[in-house]
A.B. asks: 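Could you have a look at this structure, given as structure tokens, before my questions?
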Amino acid sequence: MSLQTFVDRVRARLAELTGLPPEEVRLETPRDASLGDLAFPCFPLARSMRQAPPKIAADLAERLGDLPEVEGRAVGPYLNFTIDRGALARTVVGAVLEQGEAYGGSDEGAGKTIVIDLSSPNIAKPMSVGHLRSTVIGAALQRIFDALGYRTVGINHIGDWGSQFGKLVAAIDRWGDTVDLESDPIKALLALYVRYHEEEANDHSLEEEARAAFRELESGEEGEVRRTWRRITELSLREFDKLYERLNVRFDEVRGESFYEPYLDSTVERIQAAGVTKVSEGALVVDLTSLDPNMPPCLLRKSDGTTLYATRDLAAALHRWELYEFHRALYVVGGEQRLHFRQLKGVLHRMGLDWESRMEHVDFGMLRLPEGKMSTRKGRVVFLDDVLDRAAEEARRIIAEKNPDLADADAIAEQVGIGAVIFNDLKRERIKDVEFVWEEVLTFEGETGPYVQYTHARLASILRKAAAEGGVDEGAADLARLADAAPILARLGRFPDVLRSAGEHAEPSEITQYLLALCREVNSWYAEHRVLGVEAPLSAARLLLIRASKSVVANGLRLLGLAAPEEM
RNA sequence: GCGCCCGUAGCUCAGGUGGAUAGAGCAUCGGAUUUCUAAUCCGACGGUCCCAGGUUCGAGUCCUGGCGGGCGCGCCA
């Protein structure tokens, strides 16, 4: 039994009275909770019934008859319904506590696979805060779809291939002895890369060396170039893993672009066989103007014969379809690559592969610094591990100030600091551009991750205290007395809808926004009501409310990738 | 130039399939702690929903055209 039971009950009766098919009875939530739990606007009926909406609402209210546990009342042009407070509390608290960690989820995804392409950093470069977005959004989506019963495959499509590795190999060749590749490999590689770009301008022999190196890499030859490339990859992945561990992110597959290297020739052949390629200015391309006259062609092979990003992404898409026959394939990649994904889908479409419609570009806005777009090469960049370090440090400082006796203060500071960073990134609609402002990331008050974690810790604290005082007989709880918490109960009951919608839209911010609203209501209630030290039936009922609220807050935090500390 | 995305309070953002008085946080000002964590709560202040048309009983929401900002546009990824 869930909230939906009451909705269905109201809908069925209204369908009966109005003659509308049940699925066309539109029920909404009143703006003001005191008006009721459900609302039926009567405007659309005015034309066919040739009556004023308030009259229709009044008549319907009159003829409503007896609806178990639901009361209807006409208010102007609306027919509002209020669910009996005891029934609401029994239903919601029952479902939440019974299902525990599973509450909110469903089995809608049973038998379906969703492939998620996330994070995808480039090796040999430090991860900046810019990489946080894809990582954190993708990881949240994966957990959301897990909860909805899908089989999910999270793939980290590492950028470990392409002509820039020719440049890097050439740079190591020339100046590798001048840097320390062991102690801080990524910084050393970055220095080499920057130096390459500086000297390339004056010394054109560098360009040729880089091209030759990449050609050798693509040829598959097991030589010096490949050994160097492999070493770069290993050093980089080791550094990345430290960050992923802190962010609590794991992948089912880590497959760099290089993984698809053996598939490139057959991919190009397959596209050629489909008869959609042509040679243009020496390059092999797929023309896409038949799909959209404004769309530029997709390049498969450069005039020197090497492949491009798009070629490798096409190989990956074909490979993934063969492996998983996915229900959806999500690419959590910045919005600046919209054209690239339209082209990919366009090529597959022209090849007659209708499953391309299951591929979705989950695009997100760009992260920029107040000084402008980030640029690793220009040194205008904020590194991700610095952000995590400073956030944890700030959390530690606040704990020392507010809760100096806290056990495990360091571990909790890490949870809270990183929670602040992750939540901040998931807070707004993913399509919005974000300006990185230190002060905002390091704020733990208001609409922040720590605010939600703090709410959880306070609820946990009540439960601890109740247990310490000898426990409460929950069987004696009088749930009808939770009327003053009806908005919270209605909110808890809506969690499954929020989860479904967040999955459908691939939008984790629907969950952050939900949690903020829930915590606001819980904190407000908390300030005005006492759980312990009131009559037993009331106290027991409130304790159940606290347990249910804590459970849902914890579920939400877990889905987003945040810890839910019991104390902080 | 062409295409895509965004535009809501001083700032950062919410506003399911068009519906009731457009809501939060931050900032500013004023309050609340002998009792379950004040990383909290309560109140005040703050709005030409970018502009102009259109559709509709009804538009922040849908359509058209502007304006402003961002991103992208063949051998980078």
A.B. asks: Considering residues at least two apart in sequence or located in another chain, which fulfil the ring-ring contact (aromatic ring centres under 6.0 Å, His included) criterion with H131(A)?
C.D. replies: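 ring-ring contact (aromatic ring centres under 6.0 Å, His included) check on H131(A) returns nothing, list empty.
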A.B. asks: Ion pair present between E393(A) and R397(A), side-chain N to carboxylate O less than 4.0 angstrom?
C.D. replies: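 Looking at E393(A) and R397(A), the cut-off is not met.
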A.B. asks: Is the shortest side-chain N to carboxylate O distance from E510(A) to R430(A) below 4.0 Å?
C.D. replies: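 Salt bridge: no.
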A.B. asks: Hey, can you pull the residues of residues 444-455 of chain A with a non-hydrogen atom under 4.0 angstrom from RNA chain B?
C.D. replies: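 When residues 444-455 of chain A is checked for heavy atoms under 4.0 Å from RNA chain B, the hits, listed by number, are F444(A), E445(A), G446(A), E447(A), P450(A), Y451(A), Y454(A).
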A.B. asks: Side chain to side chain donor-acceptor pair (under 3.5 Å) with Q513(A): which residues, sequence neighbours excluded?
C.D. replies: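 So Q513(A) forms no side chain to side chain donor-acceptor pair (under 3.5 Å) with any residue.
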A.B. asks: Just to be sure I understand the rule, does M295(A) reach a base, reach only the sugar-phosphate, or reach nothing, if contact means heavy atoms closer than 4.0 Å?
C.D. replies: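 No contact.
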A.B. asks: For the side chain of R520(A), counting heavy atoms from C-beta on, which of U40(B), A39(B), A24(B) is nearest?
C.D. replies: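 Within the option list, the nearest is A24(B).
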A.B. asks: Answer whether the closest heavy-atom distance between the side chains of E474(A) and R547(A) falls below 4.5 Å.
C.D. replies: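 Yes, at least one pair of side-chain atoms sits under 4.5 Å.
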A.B. asks: With sequence neighbours excluded, tell me which residues meet salt bridge (Lys or Arg N to Asp or Glu O under 4.0 Å) with R494(A).
C.D. replies: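 With sequence neighbours excluded, R494(A) shows a salt bridge (Lys or Arg N to Asp or Glu O under 4.0 Å) to no residue whatsoever.
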A.B. asks: On the ring face of F436(A), is R368(A) found with NZ or CZ under 6.0 Å from the centre and within 45° of the axis?
C.D. replies: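 Judged by the rule (NZ or CZ under 6.0 Å from the ring centre, within 45° of its axis), R368(A) is not positioned above F436(A).
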A.B. asks: Over all strands shown, is L35(A) touching base, sugar-phosphate only, or nothing at heavy-atom distances under 4.0 angstrom?
C.D. replies: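 The answer is base, as L35(A) lies within the cut-off (heavy atoms under 4.0 Å) of a base atom.
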A.B. asks: Compute whether any side-chain donor of one residue and acceptor of the other, for Y451(A) and N523(A), lie under 3.5 angstrom apart.
C.D. replies: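 N523(A) and Y451(A) do have a side-chain donor-acceptor pair below 3.5 Å.
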A.B. asks: Over 60° means perpendicular and under 30° means parallel, so tell me whether H529(A) and W525(A) are parallel, tilted or perpendicular.
C.D. replies: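 H529(A) and W525(A): parallel rings.
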A.B. asks: Does R458(A) put a side-chain nitrogen or oxygen below 4.0 Å from OP1 or OP2 of A38(B)?
C.D. replies: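 Result: yes.
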A.B. asks: Say whether E507(A) and S509(A), considering side chains only, have a donor N or O and an acceptor N or O under 3.5 Å apart.
C.D. replies: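 Looking only at side-chain atoms, S509(A) and E507(A) do form a donor-acceptor pair, the distance falling under 3.5 Å.
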A.B. asks: Using atom names, set out every protein N or O paired with an N or O of nucleotides 67-72 of chain B below 3.5 Å, distance rounded to 0.1 Å.
C.D. replies:
| unit_1 | atom_1 | unit_2 | atom_2 | d |
| --- | --- | --- | --- | --- |
| G70(B) | O3' | R368(A) | NH2 | 2.8 |
| G70(B) | O2' | D433(A) | OD2 | 3.1 |
| C71(B) | OP1 | R368(A) | NH2 | 3.4 |
| G72(B) | OP1 | K373(A) | NZ | 3.3 |

A.B. asks: Run the side-chain donor-acceptor check on residues 276-287 of chain A: report pairs under 3.5 Å with partners two or more places apart or on a different chain.
C.D. replies:
| unit_1 | atom_1 | unit_2 | atom_2 | d |
| --- | --- | --- | --- | --- |
| D287(A) | OD1 | T289(A) | N | 3.0 |
| D287(A) | OD1 | T289(A) | OG1 | 2.5 |

A.B. asks: Do the charged groups of K550(A) and E566(A) touch, with an N to O distance under 4.0 Å?
C.D. replies: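 Yes.
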A.B. asks: NA contact type, K432(A), heavy-atom cut-off 4.0 Å: base, sugar-phosphate, or nothing?
C.D. replies: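 Touches sugar-phosphate only.
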A.B. asks: Can you identify which nucleotide, out of U17(B), C36(B), G16(B), has its nearest atom closest to the V531(A) side chain?
C.D. replies: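 Nearest to the side chain of V531(A) among the choices is C36(B).
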A.B. asks: Contact class for E28(A) (heavy atom, under 4.0 Å): base, sugar-phosphate, or nothing?
C.D. replies: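 Base contact.
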A.B. asks: For G54(B), is chi within 90° of 0 (syn) or not (anti)?
C.D. replies: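 G54(B): anti.
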A.B. asks: Let me have a per-nucleotide readout for nucleotides 54-65 of chain B, 5' to 3', with B, S or -, counting only protein heavy atoms under 4.0 Å.
C.D. replies: ---S--------
A.B. asks: Between E535(A) and R481(A), does any side-chain N to carboxylate O distance fall below 4.0 Å?
C.D. replies: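 Yes, E535(A) and R481(A) are salt-bridged.
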A.B. asks: Would you say the side-chain atoms of D160(A) and S258(A) include a donor-acceptor pair closer than 3.5 Å?
C.D. replies: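 Distance-only check passes for D160(A) and S258(A).
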A.B. asks: Dump the pairs, protein N or O against N or O of nucleotides 30-35 of chain B, anything under 3.5 Å, distances to one decimal.
C.D. replies:
| unit_1 | atom_1 | unit_2 | atom_2 | d |
| --- | --- | --- | --- | --- |
| U35(B) | O2' | R530(A) | NH2 | 3.4 |

A.B. asks: Under 3.5 Å, sequence neighbours excluded: what are the donor-acceptor pairs made by side chains of residues 409-421 of chain A?
C.D. replies:
| unit_1 | atom_1 | unit_2 | atom_2 | d |
| --- | --- | --- | --- | --- |
| D410(A) | OD1 | R396(A) | NE | 3.1 |
| E414(A) | OE1 | R246(A) | NH2 | 3.2 |
| E414(A) | OE2 | R246(A) | NE | 2.9 |
| E414(A) | OE2 | R246(A) | NH2 | 3.4 |

A.B. asks: Looking for any heavy atom pair under 4.0 Å, which part of the strands does L27(A) touch: base, sugar-phosphate only, or nothing?
C.D. replies: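 Counting heavy atoms under 4.0 Å across all strands, the contact made by L27(A) includes a base.
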A.B. asks: Identify, with sequence neighbours excluded, every residue that meets salt bridge (Lys or Arg N to Asp or Glu O under 4.0 Å) alongside E521(A).
C.D. replies: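 Per chain and number, E521(A) pairs via salt bridge (Lys or Arg N to Asp or Glu O under 4.0 Å) with R491(A).
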A.B. asks: When all nucleic acid strands are considered with a 4.0 Å heavy-atom cut-off, which category describes N122(A): base, sugar-phosphate, or nothing?
C.D. replies: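 Sugar-phosphate contact only.
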A.B. asks: Please classify the nucleic acid contact of V416(A) as base, sugar-phosphate, or nothing, using heavy-atom distances under 4.0 Å.
C.D. replies: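 If one applies the 4.0 Å heavy-atom cut-off, V416(A) turns out to touch a base.
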A.B. asks: Measuring only the P atom in each nucleotide, how far is C41(B) from U64(B)? A whole number of Å is fine.
C.D. replies: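 Approximately 43 Å lies between the P atom of C41(B) and that of U64(B).
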A.B. asks: Please determine, for the side chain of P30(A), which listed nucleotide (A20(B), U40(B), A77(B)) has the closest atom?
C.D. replies: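 Nucleotide nearest to P30(A)'s side chain: A20(B).
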A.B. asks: Suppose we call a contact any N or O donor and acceptor under 3.5 Å apart; does that hold for the side chain of N80(A) and the base of A20(B)?
C.D. replies: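 Under the 3.5 Å cut-off, the side chain and the base do form a donor-acceptor pair.
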A.B. asks: Strictly under 3.5 Å: I want the nitrogen or oxygen pairs between protein and nucleotides 74-76 of chain B, one per line.
C.D. replies:
| unit_1 | atom_1 | unit_2 | atom_2 | d |
| --- | --- | --- | --- | --- |
| C75(B) | O2 | S303(A) | N | 2.7 |
| C75(B) | O2 | S303(A) | OG | 3.3 |
| C75(B) | N3 | S303(A) | OG | 3.3 |
| C75(B) | N4 | E281(A) | O | 2.3 |
| C76(B) | OP2 | K302(A) | NZ | 3.2 |
| C76(B) | O3' | S163(A) | OG | 3.3 |

A.B. asks: Going by the salt bridge (charged side-chain N to carboxylate O under 4.0 Å, His left out) test, which pairs reach into residues 432-443 of chain A, not counting sequence neighbours?
C.D. replies: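 Residue pairs with at least one partner in residues 432-443 of chain A: E429(A)-K432(A).
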